[in-house]
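Scroll down for the structure; my scribbles are underneath it.
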Amino acid sequence: TQLLEQSPQFLSIQEGENLTVYCNSSSVFSSLQWYRQEPGEGPVLLVTVVTGGEVKKLKRLTFQFGDARKDSSLHITAAQPGDTGLYLCAGARGGNKLTFGTGTQLKVEL
Amino acid sequence: DTAVSQTPKYLVTQMGNDKSIKCEQNLGHDTMYWYKQDSKKFLKIMFSYNNKELIINETVPNRFSPKSPDKAHLNLHINSLELGDSAVYFCASSQWLSTGAGANVLTFGAGSRLTVL
């Protein structure tokens with residue numbers, strides 16, 4: 001099983017703070033995705049990274065794929081209450097099967 | 001227009017009963033999935049169908065039987081429900097990728113919360 005460990009598991013911060021979520025594995029992935037899930041809804045794709053060392057930005061969110069393609073990070077600048085949700089990384093090994101990470105529950109308070 | 005729709009959204013039933021969850025997608029995708037999300041929010045794949053053919057079958061009890069009448073529908077039938085089956089079940093769809101063709105992008109339904117009493 002290609003386990004993807006996310007840290008931290010829970011994060012509660014104030015509006016305006018910065019944060020980083022980590023997704024680590026001992027396995028190499030051909031691509032890695034980040035999803036956000038809100039209560040009562042399914043996960044929604046935020047980004048896909050496919051090249052080792054790749055950095056992608058989505059407004060205040062910055063995603064990085066590790067050089068060895070075993071890990072990834074998600075950095076949020078100036079967090080807002082609308083960023084609240086469950087963040088899930090998911091890795092693929094060249095196929096159509098995604099393995100999801102253990103999840104990070106983020107709460108941003110006013 | 002909902003892209004991936006699941007019914008019912010909530011299901012409460014007694015141990016030992018048989019229940020089904022239905023899923024339909026209108027995205028024109030050829031691959032559909034069932035995922036189980038446990039109380040710790042861990043999302044694990046159960047099954048995947050490509051053009052009505054079963055392609056992924058993880059270690060799931062035989063009490064779970066998926067059925068895909070066509071590539072736009074994937075239903076999940078569960079026999080003899082147990083307490084441990086309580087979870088949120090997510091249906092998802094995507095377009096099948098050839099090896100090396102990039103990354104698979106899943107579109108999820110809103111989930112079906114199953115509670116077994």
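So you know, we letter chains A, B, ... as the sequences are listed, proteins then strands, and number each from 1.
No other option in B/K44, B/K40, B/Q37 has as many heavy-atom pairs under 4.5 Å with chain A as B/Q37. Looking only at heavy-atom pairs under 4.5 Å with chain B, the residue among A/E38, A/Q37, A/Q105 that has the most is A/Q37.
No more than 12 heavy atoms of other residues, nucleotides or ligands sit less than 6.0 Å from atom CD of A/Q9. Counting heavy atoms of neighbouring residues, nucleotides and ligands inside a 6.0 Å radius, atom NZ of A/K56 exceeds 12 of them. The environment of B/K9 atom NZ is dense: over 12 non-hydrogen atoms of other residues, nucleotides or ligands sit within 6.0 angstrom.
For A/L98, the parts lying under 4.5 angstrom from a heavy atom of chain B are both the backbone and the side chain. For A/E41, the parts sitting under 4.5 Å from any heavy atom of chain B are the backbone and the side chain alike.
A 4.5 Å side-chain heavy-atom check between B/F42 and A/L88 finds every atom pair outside the cut-off. Proximity of A/P43 to B/Y35: side-chain heavy atoms (C-beta onward) are nowhere separated by under 4.5 Å.
There is a path of hydrophobic side-chain contacts, each under 4.5 Å, that joins B/L83 to B/L76. Criterion: ILVMFWY side-chain heavy atoms under 4.5 Å apart, direct or through other members. Under it, B/V4 and A/Y35 are not part of a common hydrophobic cluster. The hydrophobic cluster containing B/L11 also contains B/M15, counting ILVMFWY residues as joined when their side-chain heavy atoms lie under 4.5 angstrom apart, directly or transitively. Side-chain heavy atoms closer than 4.5 Å link hydrophobic residues (I, L, V, M, F, W, Y) into clusters, and following such links, possibly through other members, connects A/L19 to A/L58. Under a hydrophobic clustering in which Ile, Leu, Val, Met, Phe, Trp and Tyr are joined whenever their side-chain heavy atoms come within less than 4.5 Å, directly or via other members, A/L45 and B/F90 fall into the same cluster.
Rounding to the nearest 0.5 Å gives a distance of 9.5 Å between NZ of B/K41 and CZ of A/F10. Atoms NZ and CG, from A/K97 and B/N104 in turn, are 12.5 Å apart once rounded to the nearest 0.5 Å.
Close approach to chain A, defined as a heavy atom under 4.5 Å from one of its heavy atoms, is seen in B/I45, B/I56, B/E58 of residues 45-70 of chain B, taken by number. When the heavy atoms of residues 105-115 of chain B are compared with those of chain A, the residues falling under 4.5 Å are B/V105, B/L106, B/F108, B/G109, B/A110, listed by number.
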